[in-house]
Every structure is written in C-alpha cells, then in structure tokens.
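Chain letters run A, B, ... following the sequence lines, proteins first and then strands; every chain starts at 1.
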Amino acid sequence: MEGYDHRKIEKKWQEKWEHEKAFQAKDDTSKEKEYVLIEFPYPSGDGLHVGHIRSWTALDIVARKRRLEGKNVLYPIGWDAFGLPTENYAIKTGKDPRVVTKENTDIFRRQIKSLGLSFDWSREINTSDPTYYKWTQWIFLQLYKHGLAYKAKTLINWCPKDKIGLANEEVIDGACERCGTLVQKREKEQWMLAITKYAKRLYEDLDSVNYIEQAKIQQRNWIGPSEGAQIAFPVLGSDKKIEVFTTRPDTLYGATYVVLAPEHPLVLELAPLTKNKGAIETYVKATRQTSEIERTAEAREKTGILMEGICAINPGTKEAVAIFVADYVLGSYATGAIMGVPHHDERDFEFAKSKGLPIKEVIEALVVREQGEDAVKKDMPFTERRAVVAVIKHPSKDKYLGVRWKRTGWQGFVIGGIEEGEEAQEAAKREVREETGYKNIRAVGILGGPIHAQFYQTLKAENRFAHFQLVLVELGDEEKTEIAPEEKVLHEFLWLSPEKMTAFITHRDMQILWDRVIGKICYSGTGILVNSGQFSGLQSEEAKKKITEFVGGVWLTVFKLRDWVFSRQRYWGEPIPMILCKKCGWVPVPEDELPVILPEVTHYQPTDTGESPLATISHWIHTTCPSCGGEATRESDVMPNWAGSSWYYLRYCDPKNTKEFASPEHLKYWTPVDWYNGGMEHTTLHLLYSRFWHKFLYDLALVPTSEPYAKRTSHGLILAKGGEKMSKSKGNVINPDGLIERFGADSLRLYEMFIGPFDQPVIWSDTNIIGTRRFVERAWRLISTFTQHQKTVMSPEAVRMMSHSIAKISSDIESLKMNTAVSQLMILLNHLESTTPTMQALETFLRLLSPFAPHVAGELWEKMGTTTAMEKAGWPTTPKESATELEVALVALQINGKVRATIELPLKASEREALEKARLHPAISPRLARGKEVRAVYVPGRVINFVVSDVA
RNA sequence: GCCGGAGUGGCGGAAUGGCAGACGCGCGCGACUCAAAAUCGCGUCCCGCAAGGGGUGAGGGUUCGAGUCCCUCCUCCGGCACCA
C-alpha cells in the first residue's frame, strides 16, 4: 500500500485542473447557471488569512456540489486592489503601488491555487487595472449626469500632525491610527453620491431578497426610517421660520423652546438679530473644534447657547419660546432643528433642567394591556374606575412597601378604588388601613397628575378603563391592627429598597408611577393629551395627525442614512473624471476619453493642504475644458475603495468587454448572483453601496434585475487566542502555507469546515487539525487497500446509513452547516471501516467527500479504477424507495418523562402493539404495578411515555 | 440606552418539543513494539462500589415530556448610539 502523500497528490490534481481549465464557466445559455460569489480580497502584504479560507472553501463546496448536480457554475475571483494599506506602504518605502499590488496578488494567487479552490481564473479582474476602472469612472459619470453626484462642503477627519485627511476606518477612538494624534474636523468640498434618494427602495426591497436576517436588520437600522411631522416655528419679528422635525407632534403644546444645530444655516442668518452674536459665533466655532470623542463622551453635559433677544412662536399655543443653538442636535439629520419638549423627552428634559427652562406636562400616560389574560377584549365597552395607588414609605428606613397578589402574581403597590364623593387622599388612607393594617399614617400627598390604564378585569369579566392617582404615604411607626382574614390571604407584603422595587414591579403603569417617586418625572411614552387646547382629551396617535394638520405641518419619513462622501484626498484610487473650468464650472470628462489614467508620481505623500498628491503634478492637473476649450484643472481627489467593489460582480459576467462594462446578454444570463457570502462587517457599507449602484444601473436599464444578490450569507470571524482579531501588528496571524505543507490542503479545508458553526466566530487552534488529517488518512487506508473481493450487495443497515448520510450532507451544505456535514462524513467512514463495504458504498462516500477534500477524493476515485469520471458520476441522491418501510427503530420507554429503557419496535407498529410490548418490559412493568397508570403517549419511532401516579 | 446573537463535559461543539453530550480534540487503560512514534481496541458529564440519583447561565411557567416554546433576570459577544 502506498502511503498518503498530500504534497504529491495535491500538486498532481491542481496541475490537472489548471491544464484542463476544469473550472472555466462557459457562456452557454442553454445550460442552467449558478453564480456563486465570495467577496474578492484586498491583496494585502500579509498574504492569505485563515478567515479567507473559511468563507471561500464553504462556497467552493457549494460550487463543486452544483457542478456535480449539472449546473453551469460561475465561481470567479479578482482583486480589490485600490486602498490604503498599499498606499501607506508606498509612502513608507517609495515603492510604486502597482508593483506592490503585483507582488501581493502573485502571492495570493499561488496560495489560493494551493488550496484547490475551484475559481475560474480566466475571469480574474483587478480594480486598479485601467481597463477595469475605466468603467468605474464611466458609472460615476452616469451618476453625475443623473444628478446623483454633487459637490458639497463636509467635515473630514484631519490629522494635524501627519497633515493628512483620514478615512473613518483610520480613526481609532478619535485618534489617528498611525500617530495617535487626536483627530480634528476640517471642512472640505467633496464629491457626494446621493444614496439617500434610494433610501426608501433600499429599505423596502430588502423584503424581496434572501439575506440572513441579521444583515437585513442591520441594513434596516442603518437606513433608519422614522415617520413624523415637519412643523414651522415662525421667528418673531422676522420672515424666517424654523422648521423642526418631530415624531411626536402630539406633544407640540409642551414645546417650550426650539434648538438649531450649530451647523444650521439659520444660525448665521439669525445671529445679527440677537444681542449675543459674538458669543453664538464662538460657540459654533468651538463645537467644530471639539473632537469626536469629546462630543460623544458618555454622560457629557449638554451644552448650548440662547439666542438672546429673539424668539419663535409655538404654532400650537401661539406662545413665544426661546431659541437655542446646541450641539446635541445634529445638523445632518432631518431639518437640523427640533422643538424642545422637556416633560416628554429625556434629552430635552436634561437640557431644560440645566438651562432652567419651563417644563410643561401635556401627555398623561395611558397603558393598554395587549397580551396575557388581562389583555383588552376587542369590541367590548370599557367600565371607567377611579383608583388610588398608595406608595408607602417605611417610617425609618429608605424602603417602600411592595405588594404581591398571590393569585395573579401581580406585583406593585397597595391599590384600591375611590368611592363616590371621596378624596384621593382619604381613599388611600382607607385602603392602606384595610389592606395592611398600619395605624399611624403620618403624611399623605398626591404626587403628579393621573395616569390611565386599559385592561381586562378577569374577575368581573369586563374591560376596565382605570384612572390612577398616585398617593405617597408616610407611616409614623410600624404599629398594626389585625386585618380582615379574607384580605389577609390575598397578598403578601415586602419592604423593598428603591433598587429592589424597580425590579419588583411587574406592570408598566405601576413602573411609570414609581419613576415619579424616585425623581424621574420625564415621560416619553404616549397617552392622553392635556393642556393642549382643543386637542386635550385625545389620544396620542389621533392627536399626531390632527395637530400636524392644524399647524400646517407636513407628515413625512426621514432617514438616518446619509449621502456617501465619495472623495478621498489620496493617490491610490480611481481618479474622479471631472474637470473644473474657470468659465463652465464642473465639466465631466467626455466618455470617449476614459479612462482617466492614474499618473505615476515620485512621492505618494498627500500635500500639506490635505490635497491629493495628484494636485502637485502640473502636467496632469492642467488641462483644457472639454466644453469651451479654455483653461481648466482636473479633479485631484480619487474615489474611495468602495467604488470598484460596488459593481465587480457585474464585470465577472463579461470581463474582457471593451465596449461596455458588460454586455446585456451576458448579464441577462448570469445575474443576479445566486449566492453571495461575505463578512458581516460589510453589511452596511459595501453591501448597501453595491445595492445602490445596482439599482441605479437598473433604472438606466443596464442591468436586468433590481437587486444584485439573490441570497446573502455570512461567515463568522476566525479570531486569535484570547478572542482578539488577527492582525499583523499583533503578530497573531496564521499563515496557511505552513499548514498546507504539513497537513495538506484537504485536511486544512476539512478542518476549517469542522471548526465550528459557520456563521459564528471561532477561536483558532492549531491542535485540532490533526483530527481531520487522521480522517483523511483513514479514508486513504480504507480505500487504497480496496480489492474486488468486497461484497457487492449492501446490507439494509448500510443502505440506511448511506441514504441518511446523503440526505444529511446535502441539506447541511445548502444551509452551510459545514461542521455537521464533516461530522457525518466521519460517521459514515467509521461505519464503512467497521463493516465490509461494497464498492458502491465507497464510491458514494468519495462523491460526498469530493467537494470538501477534492484532491484526495479524486485520487482515490482514480485508484478504485472506476470507469466513469467523478465529475460525470454526479452528486449522489437518496434512492426513492429506501428501506424505511421495514425499518425498526429504537424507542425510548419513559415513566413520567424519564427514560427507563429502550426497545426495538417496527416503525409501523400500532399503538396497541407498541404499548403491549412496552408494558412487558422488565424495567417498566414493576413500576407500572407499583403505581396507577394514568395515561400513555406513543410517538412512533421515538418514544413511549407512561404517566403514572403514586409511584412508590 | 436601542437592535441582534450566544450561554450545554477539560476543550471545539451535536441534538424537526421525544434516549442530552453525536463527531472531533485532549486525557486514561490496553494491544502491537526491545522501545518509542504511528496505528488499532476500550473508556471518558457529575455523585455513587452498586442500585440509583443529579445535570444544558439563574428563577418561574406551558406540556405526558423542555437544552429547544413563553415570562422575569444575569453574563458574554457583535452592531448602532444625543437620529428628535
């Protein structure tokens, strides 16, 4: 027997696949296609990461299975080559980024091939290749021509030491990634892409795609729609209006001030009308210099400045309200201005308190019970009741009396109805005496206004509409009188500290009242309007629309999503194909002059002014205007590295096309991507950006589908020891080359699939790879010693094992449960080893193994001397009429849910037969005899459970 | 704070509401060997000699039966975070 030599075998098969172009996708539209995609890598100097292997092997298994199933598979690879690390390396070494990229992609290509990944190398693309970025620039021009690319002033991250603009991902905890200097904000004109125009569609169309739920949720949160009203507050003595956005127009009558964001244009317009213009301008300036960490620091006190001498009119109350400028209001969200409603918004409450502004209650809480046995019954009238809630303070300690109702589990306070003509305080005293027996009530006071609750009163079988008044009761001492016995059994009492009480309370209405006792006055929920003119008495939902209408406001949806800052003051990216003419303004480069080639430079350092190194190349920068022929300059900013990756999956369909980014025929055949796997870290940037570009191209009828990816899955990260991310700087990166050399690509592939649930993060460990290596060796030993003397007919047990394995592995691959698929392969091999397998069984095993460990499977297949080529043999399927008809199964016998024995029973056994047999079992019959059998449950093929009372 | 995900042996982890710990790593014992490695066999949740009992972050609930479903809470991880 020849030993298993992974080096020899893997080299042989990799050469064979390369030579035969085994994985080239044919543009053969007569065959059913499958487009399987992984995120193309950034070719960093670190080489391939074990994390790449996890994702790519999983989809390689999918691609290989699809080929065996007869599909025409496109599984492409390329390079997302533009980007910061290469540029930073170039700055440090002076080496041309093109050369660095070439070196790195060579390393990646060699490593990928050594893993036996079945990529179609004939479609390899590179985003930094002019034949590729020509089309990236072309798409940008289309965006510009359709009004989706525009220039705007934005704040960029500026490192004052390196004198360089930083991308968000280079800012770590508010400091420059390289030198640690605190990052400042600097204003700069930048190209922007109007992704917000697509916000609604990007949000709604998530319903039409098969993404993992978490990715959908994250994108939805990121896009962040929010419905509300835009309401104008006129500025007194001026024709200006402050437009605020609010989701709670029902609280308008409680708006006691308005706030403008420091960036709001009205700030500078209104400042001259104020008495403190200078101070306002100083505040605005100061905000801009505040660093990111300071601004977002936790528990930071809200700052702001009053615009003295001017005020606005609350369109509801018609009263004058103060105008503030404060940086807790964001300039980039909604209208950049808010109305301050301190009583019903936590942030406004905090601000109003620090500025001494009026706090006005306009909503009384209404809690509607919607689930559980006391949920409001629809179509049933309400009976109204007034009630008191008595919060009783301990005579000496800082404790309050908690009440637990034994029957329902309701936990709260002493509570009771107010009788006809009774005062709330009187009612509270009476209830406290009756329920608790406390005699010496020292003080009683009403705390705040009423709150309301709607629920179903189970005892009386009616819908209740209760109005609670909170009464605070202090005791003189702990002396008690005996209470009525029928009261006594109803509840128990506990003295609780304020913290314990917060956890003790079970119902929301009681929680709201308790909040008042511990000083939380602000209530941000909905309820019934008060102090709101003609709207008083309405409920929040109804009042929202009515008040908006009354003050001439607009009901609309705003999004958290911001437009995409598309400029980078860098070198290693696609030049933005725009020209600034002194006469004509911004003029796009004519399409027939594309690509605008990224010129070679001598140094890659950005300039002191923060402009791209391109700005210093005068022969490139100075050009003529395509429109008027006059003097003009090129845009020196480049695109972000999200640009090339926003459409690369389209280029794979037709990578050599010089006339179009891809031909309509090829796109029609190959798109959409059927299965796209990538990291969760790309959910809100890359994935959203490419959906945006795709939808834009769809609107121009250049792509056939409205969504690029039909299905999206995600792999969990592979972490280094201690749960840290692997990075070169921490020196904890695992180089796969050594593992492939020692254990072989097949063992490594199997190990990465076996390491844990595919979608969860795992911590890398070197020791366990020995397990999959042993598995491969055992398969090798078993099959390479195979002789023709083997049995030719499978035992029923073998048939069962085989069909179960086929079904399990097939479905596990589809749901990326690769760890249990490998486990099943191991179980199957264990079985084959312990029996005398048939040739057919061994062949099926190899076909199941081949997507996971293609080299060794191919070699053993060949060794078996099978006449059909493995690719032709196809993916195994379970025989239609399997042996399940006759099957017997192990059935657990339980007494009161506890397993006492196991017996073999035919699947088809009737309940009577099964129970009869079970009752006779030595572990069962004595136990049945000792008690009284109440009932028996029979689940065929699974379990028999005897419910026995009074078992001794 | 808000939105997700996860808590199961020494470790990675299995388990359509139906025999908890599959499969693998590690460990222990044995076989082979002069010996070791490799390989093979057996064992390996906890308490107990055993019979038996206990056990899936904690506490309740639903069910004949709960790791799995419901409620309350704790811990860890990820994302967002003054979004009006």
What residues form a salt bridge (charged side-chain N to carboxylate O under 4.0 Å, His left out) with A/Lys898, not counting sequence neighbours? none
Taking only the side-chain nitrogens and oxygens of A/Lys560, find out if one of them lies under 4.0 Å from OP1 or OP2 of B/C2. no
Tabulated below should be each protein N or O lying under 3.5 Å from an N or O of nucleotides 36-46 of chain B; please produce it.
from  : atom 1 : to       : atom 2 : distance (Å)
B/U39 : O3'    : A/Arg781 : NH1    : 3.4

Excluding sequence neighbours, so at least two apart, what forms salt bridge (charged side-chain N to carboxylate O under 4.0 Å, His left out) with A/Arg562? none
With pairs taken as Watson-Crick or G-U wobble and both distances under 3.5 angstrom, which stems of at least three consecutive pairs involve RNA chain B? B:1-7 with B:74-80, B:10-12 with B:23-25, B:26-31 with B:39-44, B:45-47 with B:52-54, B:57-61 with B:69-73
Close N/O contacts between protein and nucleotides 61-64 of chain B (under 3.5 Å):
from  : atom 1 : to       : atom 2 : distance (Å)
B/C64 : OP1    : A/Arg935 : NH1    : 3.1
B/C64 : O2'    : A/Asn945 : ND2    : 3.1
B/C64 : O2     : A/Asn945 : ND2    : 2.6

Which side chain to side chain donor-acceptor pair (under 3.5 Å) pairs, counting each pair once, include a residue from residues 818-828 of chain A, with sequence neighbours left out? A/Ser805-A/Gln824, A/Asp812-A/Thr820
Is there a side-chain polar atom (N or O) of A/Ser226 under 4.0 Å from OP1 or OP2 of B/A84? yes
A/Arg919 with A/Glu933: basic N within carboxylate O range, under 4.0 Å: yes
Under the side chain to side chain donor-acceptor pair (under 3.5 Å) criterion, do A/Asp746 and A/His6 qualify, and how do the steps go? CA-CA 8 Å; A/Asp746 285 333; A/His6 65 262; over 6 Å; no
Nearest heavy atom decides the nucleotide; on that basis, is A/Val943 or A/Ile827 closer to the 5' end of RNA chain B? A/Val943
Using the ring pair (Phe, Tyr, Trp, His ring centres under 6.0 Å) criterion, which residues pair with A/Tyr211? Sequence neighbours excluded. none
Mind checking side chain to side chain donor-acceptor pair (under 3.5 Å) for A/Asp345 and listing every partner two or more places apart, or none if nothing turns up? A/Arg347
Is there a residue in residues 214-223 of chain A whose heavy atoms reach under 4.0 Å of RNA chain B, and which residues are they? A/Gln214, A/Ile217, A/Gln218, A/Asn221, A/Trp222
Qualifying side chain to side chain donor-acceptor pair (under 3.5 Å) pairs, either residue in residues 749-759 of chain A, two or more places apart: A/Asp60-A/Arg749
A/Phe351 six-ring centre to A/Lys302 NZ/CZ under 6.0 Å and within 45° of normal: no
Anything under 3.5 Å between a donor and an acceptor, one on a side chain of residues 220-233 of chain A, the other on a protein residue two or more places apart or in another chain? List them.
from     : atom 1 : to       : atom 2 : distance (Å)
A/Arg220 : NH2    : A/Asp207 : OD1    : 3.1
A/Glu227 : OE1    : A/Trp555 : NE1    : 2.9
A/Gln230 : NE2    : A/Glu243 : OE1    : 3.3

Please list, chain by chain and in numerical order, all residues satisfying side chain to side chain donor-acceptor pair (under 3.5 Å) with A/Thr548, sequence neighbours excluded. none
Counting the atoms with a prime plus P, OP1 and OP2 as sugar-phosphate, which does A/Lys302 contact under 4.0 Å by heavy atoms, base, sugar-phosphate, or nothing? base
